[in-house]
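When a ligand or atom number is given, it counts from 1 through the structure's own listing order.
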Amino acid sequence: MTQEIGGFAAFELHPNILAAVIATGYEEPSAIQQQSIPIIMAGHDMIGQAQTGTGKTAAFALPILHRIDPAKREPQALILAPTRELALQVATAFETYAKQMPGVTVVAVYGGAPMGPQLKAIRNGAQIVVATPGRLCDHLRRDEKVLATVNHLVLDEADEMLKLGFMDDLEVIFKALPATRQTVLFSATLPQSIRAIAERHLRDPKHVKIQTKTQTVTAIEQAHLLVHADQKTSAVLSLLEVEDFDALIMFVRTKQATLDLASALEAKGYKAAALNGDIAQNQRERVIESLKDGRLDIVVATDVAARGLDVPRITHVFNVDMPYDPESYVHRIGRTGRAGREGRALLLVTPRERRMLQVIERVTGQKVAEVRLPDAQAVLDARIKKLTNSLAPLVADAESTHGDLLDRLTADIGCSPRALAAALLRKATNGQALTLAAIERDRPLVPTSAPRERSDRSSSGDRPERSGADRERRAPVPLAEGRARCRTALGARDGIAAKNLLGAILNEGGLAREAIGRIQVRDSFSLVELPEDGLERLLTKLKDTRVAGKQLKLRRYRED
Ligand code: ADP
Ligand code: MG
């Protein structure tokens with residue numbers, strides 16, 4: 001029998017869980033599910049490493065549901081997630097899988113919502129608590145015993161939690177849990193900081209690693225487009241004309257940019273909305289719901305706000321602003337091509353960002369092909385195709401419903417059916433340009449090849465408005481006279497902070513504090529401003545310097 005059902009049945013999960021899984025339409029467990037479910041069911045601690053979209057939620061939710069006792073009305077499993085969106089998504093998944101388990105309740109605990117009802121739900125006997133670390137700590141401060149009965153802990157997207165600065169909160173939470181609990185940690189990457197947590201808080205963990213980077217990416221067709229920063233909005237509008245999308249998510253770097261781009265899209269008639277960390281929680285949930293059910297087609301989001309967002313309708317991801325590192329690129333484009341569907345990802349690249357494009361290609365092991373902006377002919381073809389698609393289904397029976405009216409109108413007006421049809425088309429298309437000449441007249445001068453250099457950035461007709469602050473943010477940080485910029489491959493993910501770099505350079509280089517300029521620590525590298533004078537000597541001196549146990553290897557950094 002097991003053979004016949006195969007897949008999930010082989011795990012011997014509680015029959016009611018299996019039934020719920022089958023009801024969701026899952027046929028086969030994904031790779032991470034295949035490997036993790038037996039380990040977690042057996043009660044082992046585990047470290048699971050897998051990319052976004054690999055099915056991690058069910059990988060822990062199913063075995064955890066199997067292990068809890070529905071008869072006991074107290075918290076038994078705690079799932080920690082980096083953001084409210086993700087916590088809600090995990091909670092919803094648990095509810096789906098527990099649908100046929102009477103008595104099992106799930107509570108989501110996150111900031112931005114009142115604490116009272118959350119605490120009440122926990123005290124009323126929710127067995128599964130899905131929480132963001134910050135809010136959970138608030139609860140612990142009020143009642144340190146609130147987690148005393150939890151014997152399964154899952155850290156979902158552990159690397160993201162650390163990136164968001166939840167390290168201290170995690171320590172508080174670990175202390176509040178019974179030492180005998182089972183601990184499972186999922187993360188897309190395993191930087192040193194995560195390994196350290198595992199070392200301290202997991203007992204003899206089993207390791208599961210799924211290499212899906214390339215696999216995740218292959219279901220997604222990737223392309224990039226070279227464009228100047230101030231032409232991005234018009235480039236996006238042109239691309240939308242020709243891309244055949246269902247739902248689309250656009251990534252930008254700032255909250256302001258989500259608002260600006262969303263309103264530019266709305267002004268062109270798209271059903272678009274912004275999603276960023278400043279938007280109230282209930283409003284964010286509404287946005288995601290609307291994207292799911294088609295009231296919205298485009299969401300313009302920041303990375304944090306879109307974290308874990310899972311909307312199967314999404315066919316396209318536009319990276320309007322470059323992601324900060326290749327990992328977030330992979331995460332972003334993982335919003336499309338969910339669960340084996342096909343997706344398309346477009347990356348806008350400004351001239352200065354070409355290097356990052358190369359890094360992304362190297363890390364994902366794939367070439368991200370260059371595309372050009374559609375020309376007027378392509379836009380015209382796309383518009384006519386849309387019009388054709390919208391009219392074609394009506395032709396079958398419109399004559400029987402409106403044919404007589406047409407006869408009457410042509411007679412009354414005294415015109416040919418062709419003249420009347422043309423008038424109706426003009427009305428229906430509402431002033432839209434539908435000839436080559438009209439499109440060319442309408443369109444801003446967007447480049448169809450590599451962007452022009454900075455000097456003629458003032459030529460575009462409907463250039464997006466950018467605030468002064470935004471412009472400043474985009475401008476390269478000017479280097480002070482006599483300073484050189486140097487780079488090391490050590491960054492935040494190596495556990496490096498600016499003060500470590502400063503300390504090492506001061507000590508080993510024998511410099512005065514004032515000689516060192518700005519220090520910028522990024523995830524996978526850092527930049528330090530040093531005196532140009534005697535730089536080669538200084539770099540030689542620092543040749544063998546180690547920071548946080550790793551070779552500093554500082555080199556001059558040239559931007560072009
Ligand atoms: P991750 O947490 O690894 O990013 P999720 O758990 O959010 O991935 O799952 C991604 C998507 O795949 C979800 O829409 C989920 O419902 C779907 N999914 C998960 N497991 C399966 C499966 N075995 N078969 C089909 N779809 C699945
Ligand atoms: Mg997940």
Next item on the list: Answer yes or no: does an N/O atom from Gly55 fall short of 3.5 Å to an N/O atom of ligand 1?
Entry: yes
Notebook entry, point to check: Is there any N or O on Gln89 that sits under 3.5 Å from an N or O of ligand 1?
Noted result: no
Check: Can you tell which part of Glu28 has a heavy atom less than 4.0 Å from ligand 1: side chain, backbone, both or neither?
Finding: backbone
Notebook entry, point to check: Which part of Phe186 is near ligand 1, with near meaning a heavy atom under 4.0 Å away: side chain, backbone, both or neither?
Noted result: neither
Identify, by atom number and element, the atoms of ligand 1 in contact range of [X], meaning under 4.0 Å from any of its heavy atoms.
X	result
Ser30	23 (N)
Thr57	2 (O), 5 (P), 6 (O), 7 (O)
Phe8	23 (N)

Check whether the side chains of [X] and [Y] place a donor and an acceptor atom closer than 3.5 Å, and report yes or no.
X	Y	value
Glu171	His201	yes
Ser328	Asp303	no
Thr302	Asn276	no
Arg286	Gln283	yes

Check: Is any NZ, NE, NH1 or NH2 atom of the basic residue among Lys232 and Asp321 found under 4.0 Å from an Asp or Glu carboxylate oxygen of the other?
Finding: yes
Item checked: Single hit among Thr105, Val106, Val90 for side chain to side chain contact (heavy atoms under 4.5 Å, CB included) with Ile128 -> Val106
